[in-house]
*Asks:* 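Here it is, the structure, as structure tokens.
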Amino acid sequence: MRKNSTNDHSAAAVRNPQRGAALASALIIMSLLAAVSMTVLAVVTHESRIAGSDLQRTQTFYAAAASIEKMTNDFCALFAQTSRPSTTQLNNIAASFPSELTSEGFTFTSQTLTVDSVAQAAMGNNATVTIPNGPFSGLIASVTPYLLDTTVTQTLTGTQVRLQRKINNYLIPIFQFG
């Protein structure tokens, strides 16, 4: 009997040549699924890094914009006191950055508020204009160009943004209102 059972077992192996093919197919499919899932994971990780980097740049941009707006506001308030601000007054405005943002992790590495010498040189000796529109339309004013410049760095990431704003200050002599 032993001989017969051995012959039956070897006869079954000969009759089924696909024995083990299911295991090989399963391993190939699992390898393909693993490769696809690793690719998806790599893409998602890369995209999340890009989104995080974009968020840091955006936050730093808005911090720089807040700094420029504060300097502009302080600059306008200064002209309620004087029509010819001194360099010291301009430097004080430049040194006054939004202190709330330093606790949020932003460093104001450079802020300046100066007369725009390049624009002033381009105007030449005649720095007067006729105001084209608005409530003072038709009046003649002397023009002084100013340049506001700020550089903000996000402390944790090192993301840095620099913004500039050009402002023209128009001084209208009072005798024109008579």
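All heavy atoms count here, side chains included; hydrogens, waters and symmetry mates do not.
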*Asks:* If you look at every heavy atom in Phe136 and Ile131, which pair is closest and at what distance?
*Replies:*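 Heavy atoms only, the tightest pair is O-CB, 3.6 Å.
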*Asks:* Would you mind listing the cluster partners of Phe108? Hydrophobic ones only (ILVMFWY), side-chain contacts under 4.5 Å, chaining allowed.
*Replies:* Phe97, Leu101, Phe106, Val152
*Asks:* Given the rule in the side-chain hydrogen bond (donor to acceptor under 3.5 Å, both in side chains) test, do Thr114 and Thr112 qualify, once you have shown the distances and angles that lead to the verdict?
*Replies:* CA-CA 6 Å; Thr114 58; Thr112 58; 5.2 Å; no
*Asks:* Quick check against the 3.5 Å criterion: does Glu47 have a side-chain atom that pairs as donor or acceptor with the backbone of Val44?
*Replies:*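 It does not hold such a pair.
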*Asks:* Identify the two heavy atoms, one from Arg57 and one from Val161, that lie closest to each other, and give their separation to 0.1 Å.
*Replies:*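 The answer is O-CG2, 4.2 Å.
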*Asks:* Mind listing the closest non-hydrogen atom pair of Gln154 and Gln56 along with its distance?
*Replies:*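 Closest approach of Gln154 to Gln56: OE1-CB, 3.4 Å.
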*Asks:* Among residues two or more places apart or on two chains, list those pairs meeting side chain to side chain donor-acceptor pair (under 3.5 Å) that have a residue in residues 94-105.
*Replies:*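 Residue pairs passing side chain to side chain donor-acceptor pair (under 3.5 Å), neighbours aside: Lys70-Ser96.
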*Asks:* Between Thr150 and Ala64, is there a donor-acceptor pair closer than 3.5 Å when you use the side chain of the first and the backbone of the second?
*Replies:*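 Between the backbone of Ala64 and the side chain of Thr150 there is no qualifying donor-acceptor contact (under 3.5 Å).
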*Asks:* Testing the basics here: between Thr39 and Ala35, what is the closest heavy-atom pair and its distance to 0.1 Å?
*Replies:*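 Heavy-atom minimum between the residues: OG1-O, 2.9 Å.
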*Asks:* Look only at the side chain of Thr82 and the backbone of Phe79, and say whether a donor-acceptor pair between them is shorter than 3.5 Å.
*Replies:*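 No, the answer is negative, given that no donor and acceptor are paired below the 3.5 Å cut-off.
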*Asks:* Walk me through whether Thr155 and Thr107 qualify under side-chain hydrogen bond (donor to acceptor under 3.5 Å, both in side chains).
*Replies:* CA-CA 6 Å; Thr155 310; Thr107 305; 3.1 Å; yes
*Asks:* Among Leu113, Thr72, Asp149, find the residue that satisfies the side-chain contact (heavy atoms from CB on, under 4.5 Å) test when tested with Arg165.
*Replies:* Thr72
*Asks:* Checking Ser137 side chain against Pro132 main chain: does a donor-acceptor pair fall under 3.5 Å?
*Replies:* yes
*Asks:* If only atom types and distance count, is the side chain of Gln176 paired as donor or acceptor with the main-chain N or O of Ile140 below 3.5 Å?
*Replies:* yes
